[in-house]
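Reviewing the structure listed below.
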2 protein chains.
Amino acid sequence: MGRKVAVEDAELMDRLGRVFRDVGYEGASLTLLAEASGLKKASLYHRFPGGKEQMAREVLETAGAWLDKHILSPLKGGGAPKDRIDDMVRQLDAFYSGGKQACLLNMLSSARIHDGPFTDLIRQTFDAWIEALTAVLTDAGVNRTIARKRAERGVMMLQGSLVFSRGVGTTRPFRSFLKSLPGDLLGTA
Amino acid sequence: MGRKVAVEDAELMDRLGRVFRDVGYEGASLTLLAEASGLKKASLYHRFPGGKEQMAREVLETAGAWLDKHILSPLKGGGAPKDRIDDMVRQLDAFYSGGKQACLLNMLSSARIHDGPFTDLIRQTFDAWIEALTAVLTDAGVNRTIARKRAERGVMMLQGSLVFSRGVGTTRPFRSFLKSLPGDLLGTA
DNA sequence: GTCTATAGGAAGATAGAC
DNA sequence: GTCTATCTTCCTATAGAC
């Protein structure tokens with residue numbers, strides 16, 4: 001087992017992820033990442049030989065895995081569609097810290113990497129999210145075409161509410177969005 | 001009158017703005033800004049003694065003025081509410097190049113400036129936008145509380161559709177959003 | 001007003017001791 | 001695995017000629 005580890009992998013990813021979410025890829029300096037992680041630069045390079053780019057990629061992959069486990073899988077799993085959606089809303093609230101944390105998919109999609117290695121990962125994550133939401137809505141009896149439209153709108157509203165919340169300096173828009181999301185998706189608004 | 005000017009102010013702001021929209025504040029290096037503007041670094045400093053921060057601020061102010069002139073004023077002006085909204089949609093399509101250009105309000109809101117000088121400007125721009133949209137909807141006979149909710153949703157969807165479009169690498173979400181915006185706002189969807 | 005040249009510092013990344 | 005010290009490159013910004 002790995003001994004002499006100052007920070008566990010999960011905790012490390014979480015701390016690095018916070019930096020990337022706060023200031024984006026270009027804004028996340030090694031100094032900032034080192035401070036946030038509690039490790040020195042050289043130690044970060046020991047864990048991520050590929051440097052900042054690898055850190056961002058692994059953070060993105062970790063977030064994708066989290067999304068899959070805590071959001072997408074529960075959406076596909078059993079139970080009433082309404083309950084599954086309510087569960088997603090609770091998880092989203094926690095994941096984005098009630099609207100205080102921006103979304104990695106937004107903050108990393110402008111990374112000026114030579115033909116971005118993140119591009120594919122970001123697109124796949126969006127696609128998977130849309131697909132899972134579409135599935136739960138068809139389970140609820142919604143026509144597939146309509147379901148997909150509502151799923152896309154939901155994901156866009158999530159992104160927009162986070163951008164808007166950050167822009168106006170309050171989490172109200174995000175919280176308000178989360179509240180209306182189940183109704184918007186199921187068409188019971 | 002100003003002679004010997006290599007690039008006119010309006011054109012200069014446009015070119016600098018494109019860089020900030022593409023790669024954000026931290027990603028916009030002076031080298032990149034110089035290449036895009038057609039001026040050398042030193043020339044940029046002659047026009048913007050405050051450096052990159054001043055460039056971003058003036059670009060943001062210029063965009064705010066454009067928004068006010070081409071979007072907000074027409075919204076307030078005469079004519080049927082539906083026509084005013086349709087007009088806004090056309091202007092938005094042009095301003096964001098059909099979804100290919102990101103929004104400054106999103107790309108600059110994470111600028112790691114000492115307690116951001118952009119923060120206030122961004123919030124004010126969002127507020128003015130919401131207010132103008134709310135006004136045109138009340139003109140259309142919509143209850144003010146409902147109008148404000150729809151205005152906020154519209155602005156959030158705009159931001160979200162741009163983020164999503166960039167993420168999935170196609171402008172379809174943005175164009176689709178623009179198409180449905182008038183109906184969503186007026187409640188005739 | 002624009003340029004070439006360069007200063008000064010912060011950035012990403014590495015070497016080698018412990 | 002983590003650290004201090006260092007290297008190189010890029011960045012922001014300035015000096016001074018034209």
Side-chain angles (χ1 to χ4, degrees), chain A residues 1-20 22-60 107-108 110-118, chain B residues 1-20 22-60 107-108 110-118:
Chain A
M1 298 293 196
R3 239 172 309 161
K4 294 186 188 171
V5 179
V7 185
E8 293 300 327
D9 270 27
E11 176 67 18
L12 178 59
M13 287 301 172
D14 189 62
R15 294 186 191 179
L16 295 179
R18 278 197 146 70
V19 179
F20 284 115
D22 281 348
V23 300
Y25 184 80
E26 321 285 342
S29 70
L30 271 277
T31 302
L32 219 50
L33 290 164
E35 284 173 0
S37 67
L39 291 178
K40 299 296 181 183
K41 294 184 200 177
S43 303
L44 283 176
Y45 274 95
H46 177 77
R47 293 213 191 179
F48 306 95
K52 198 166 85 163
E53 182 173 330
Q54 184 181 355
M55 294 182 214
R57 184 159 27 84
E58 289 199 20
V59 160
L60 197 53
M107 301 304 286
L108 289 184
S110 68
R112 237 164 25 75
I113 309 291
H114 337 294
D115 203 27
F118 308 143
Chain B
M1 296 296 188
R3 239 172 308 161
K4 293 186 190 172
V5 179
V7 185
E8 293 301 326
D9 271 26
E11 176 67 19
L12 179 58
M13 286 303 172
D14 189 62
R15 295 186 192 178
L16 294 179
R18 279 197 145 70
V19 179
F20 284 115
D22 281 348
V23 301
Y25 184 80
E26 321 285 346
S29 71
L30 279 246
T31 301
L32 220 49
L33 291 164
E35 285 174 358
S37 66
L39 291 178
K40 298 295 181 183
K41 295 182 197 177
S43 304
L44 283 176
Y45 274 97
H46 176 76
R47 294 215 191 178
F48 306 94
K52 196 166 87 164
E53 182 173 330
Q54 185 182 353
M55 296 182 213
R57 185 158 27 81
E58 290 198 21
V59 160
L60 197 52
M107 299 306 285
L108 289 183
S110 68
R112 239 163 24 76
I113 308 292
H114 339 293
D115 203 26
F118 308 143

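Every chain is numbered from 1 and lettered A, B, ... according to where its sequence line falls, protein lines coming before strand lines. All heavy atoms count here, side chains included; hydrogens, waters and symmetry mates do not.
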For [X] and [N], what is the distance between atoms [atom1] and [atom2] respectively, to the nearest whole Å?
X     : N      : atom1 : atom2 : answer
A:Y25 : C:dA11 : OH    : P     : 14 Å
B:L44 : D:dT14 : CG    : C1'   : 14 Å
A:E53 : C:dA13 : CD    : P     : 9 Å
A:K40 : C:dA17 : NZ    : P     : 20 Å
B:M55 : D:dA13 : CE    : P     : 8 Å
A:L39 : D:dT2  : CG    : P     : 5 Å
A:Q54 : C:dA13 : CD    : P     : 11 Å

_A:K41 side-chain proximity, nearest of D:dT12, C:dG12, C:dC3_ =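 The answer is C:dG12, which lies nearest to the side chain.
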*Tell me which nucleotide among C:dT4, C:dG1, D:dG1 gets nearest to the side chain of A:V5.*
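So the nucleotide nearest the side chain must be D:dG1.
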Would you say the side chain of [Y] lies within less than 4.5 Å of the side chain of [X], judging by non-hydrogen atoms?
X     : Y     : answer
A:V23 : B:E26 : no
A:V5  : A:L12 : no
B:R15 : B:R18 : no

*With sequence neighbours excluded, give me every ring-ring contact (aromatic ring centres under 6.0 Å, His included) pair touching residues 23-59 of chain B.*
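Matches after skipping sequence neighbours: B:Y25-B:F118.
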*asked:* Applying a 4.0 Å non-hydrogen cut-off, can you work out what B:A6 is touching in the nucleic acid: base, sugar-phosphate, or nothing?
replied: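 Sugar-phosphate contact only.
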At less than 4.0 Å, is any side-chain N or O atom of [X] found next to OP1 or OP2 of [N]? Yes or no.
X     : N      : result
B:K52 : D:dT12 : yes
B:H46 : C:dG1  : yes
A:Y45 : C:dT14 : no
B:S43 : C:dC3  : yes

*Could you identify which residues of residues 28-35 of chain B place a heavy atom less than 4.0 Å from some atom of DNA chain D, listed by residue number, or say none?*
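Close to the strand are B:A28, B:S29, B:L30, B:T31.
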